[in-house]
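On a predicted model such as this, the values are computed, not experimentally measured, just so you know.
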Protein chains: 2
Amino acid sequence: MDKHALFYKLVSFTASVHHVTHELTKNAKPDSISQVQYSMLEYIAVSQPVTPSEINQCQNMSMPNTSRELSKLKEKKLIEKITDSQDRRKQYIRLSHEGEAVMKEAFETIESRFRERVQHASKEDLAEIERAIDILQSKLFYR
Amino acid sequence: MDKHALFYKLVSFTASVHHVTHELTKNAKPDSISQVQYSMLEYIAVSQPVTPSEINQCQNMSMPNTSRELSKLKEKKLIEKITDSQDRRKQYIRLSHEGEAVMKEAFETIESRFRERVQHASKEDLAEIERAIDILQSKLFYR
DNA sequence: TTATTTAGTTATCAAATGATAATCAAGAGG
DNA sequence: CCTCTTGATTATCATTTGATAACTAAATAA
């Protein structure tokens, strides 16, 4: 298979990933937060503490919009901002207890749907899946 | 690795896929069409002819919004609507010549970025990537 | 023929998102 | 001290997106 054919396979694959991600995550977040806010929370959850700059880099959004959405998340008491004691321009963002709870619940919903999806997979299948993810993550979807 | 750990690996993986997809596709579409419109065009491009119902199923959008965005795409002369001769409620959507040209250019941009991304991959790496995609598509990201 | 269902449209609305300019405050370098 | 840069905020705006209700037209079932 040449690179051109592989590229088309990739296009179809990424469409599937997006589609299935949507299936797994739909309605997993509380209605009170928007999609973008949820993505930010997910990023914060796995990378905390993070700075607003890191969030806008990683989530491809502008600083003003990042700042606005973080304010909303803070109003909803889902995150906390801590000013860096060394460089007081910097802020560290963490989930609040409530934020942790919200994300825990969301992840549990998503995980249970994931388990349904792989319920018929054998131990060997799972090992293969894991290996495949490692390969793609390191050789194609590296950041 | 148990399913729980695999799930966390999946979360990180899908985030990478989204991120890299964004890298590959950013600015590939003309400014004159929105993100949603581009997604529709991409789906139409690979699946044509499609009906509006199929689009809204696949793209997770409502019929009214699908209809509205299709109208805009038609105004921009990127698609054509053909009424089914059997069942005149049905419409078949295809790319126009201009639509084909737009998508060809977009795909070329994206493909060239893809090639940059895998430029250091050996023949064996590429074969591994292909195999990994097949595994994930069939065992995890099936629709 | 008369419902009923299906496929799609139109109109309208609120909310989310993205972009820009102007601003502030803290650090860094001269 | 003064300037420049960095990290973040505020304000404002246009556009996109998502949701809903009301509707048309064609097919199907009763």
Heavy-atom nearest nucleotide on DNA chain C for B:Pro52 versus A:Ile33: which residue maps closer to 5'?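 Closest to the 5' end, via its nearest nucleotide, is B:Pro52.
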
Between [X] and [Y], which heavy-atom pair has the shortest distance, and what is it?
| X | Y | result |
| --- | --- | --- |
| B:Glu98 | B:Lys77 | CB-O, 3.6 Å |
| B:Met103 | B:Tyr38 | CE-CE1, 3.7 Å |
| A:Lys3 | B:Gln119 | NZ-CA, 4.3 Å |

Expected output is a numbered-order residue list: members of residues 55-66 of chain B with a heavy atom under 4.0 Å from any atom of DNA chain C. What is it?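 Within this stretch, B:Met63, B:Pro64 sit under 4.0 Å of the strand.
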
May I ask you to list the residues of residues 70-87 of chain A, by number, that have any heavy atom positioned under 4.0 Å from an atom of DNA chain C?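 By residue number: A:Gln86, A:Asp87.
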
A side-chain contact here means heavy atoms from C-beta on lying under 4.5 Å apart; do A:Arg115 and B:Phe7 qualify?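 No; the side chains remain at least 4.5 Å from each other.
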
Would you say B:Arg88 reaches D:dA26's phosphate, i.e. side-chain N/O to OP1/OP2 under 4.0 Å?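 Yes.
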
Taking OP1 and OP2 of C:dA15, is either one under 4.0 Å from a side-chain nitrogen or oxygen of A:Ser34?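 For C:dA15, neither OP1 nor OP2 has a side-chain N or O of A:Ser34 closer than 4.0 Å.
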
Could you tell me the separation between the [atom1] atom of [X] and the [atom2] atom of [N], rounded to a whole number of Å?
| X | N | atom1 | atom2 | answer |
| --- | --- | --- | --- | --- |
| A:Lys26 | D:dG18 | NZ | P | 14 Å |
| A:Arg68 | C:dG18 | CZ | P | 9 Å |
| B:Glu69 | C:dT10 | CD | C1' | 14 Å |
| A:Arg89 | C:dA25 | CZ | P | 14 Å |
| A:Gln35 | C:dG18 | CD | C1' | 16 Å |
| B:His22 | C:dT17 | NE2 | P | 14 Å |
| A:Gln91 | C:dC24 | CD | P | 18 Å |
| B:Met40 | D:dT17 | CE | C1' | 12 Å |

CG/B:Leu24 to CD/B:Glu111 distance, rounded to the nearest 0.5 angstrom?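 Result: 11.0 Å between the selected atoms.
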
In this structure, are over 12 heavy atoms from other groups packed under 6.0 Å from A:Glu105 atom CD?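 No, the 6.0 Å shell around CD holds no more than 12 heavy atoms from other groups.
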
Answer yes if B:Ile93 and B:Ile82 sit in the same cluster of Ile, Leu, Val, Met, Phe, Trp and Tyr residues linked by side chain heavy atoms under 4.5 Å apart, and no otherwise.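 Not linked; separate clusters.
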
B:Glu100 vs B:Gln48, test: side chain to side chain donor-acceptor pair (under 3.5 Å). Steps then yes/no. CA-CA 11 Å; B:Glu100 293 279 5; B:Gln48 59 186 336; 3.0 Å; yes

Atom pairs and distances, side-chain donor-acceptor, residues 131-143 of chain A, under 3.5 Å, sequence neighbours left out:
from, atom 1, to, atom 2, distance (Å)
A:Arg131, NH2, B:Glu128, OE2, 3.3
A:Asp134, OD1, B:Lys9, NZ, 2.6
A:Asp134, OD2, B:Lys9, NZ, 3.1
A:Gln137, NE2, B:Ser16, OG, 2.5
A:Ser138, OG, A:Asp134, O, 2.9
A:Ser138, OG, A:Ile135, O, 3.2
A:Lys139, NZ, B:Asp125, OD1, 2.8
A:Lys139, NZ, B:Glu128, OE1, 2.6
A:Tyr142, OH, B:Arg117, O, 2.6
A:Arg143, NH1, B:His19, ND1, 3.4

Base, sugar-phosphate, or nothing for A:Gln37, non-hydrogen atoms under 4.0 angstrom?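 Nothing: the residue A:Gln37, judged by heavy atoms under 4.0 Å, touches no strand.
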
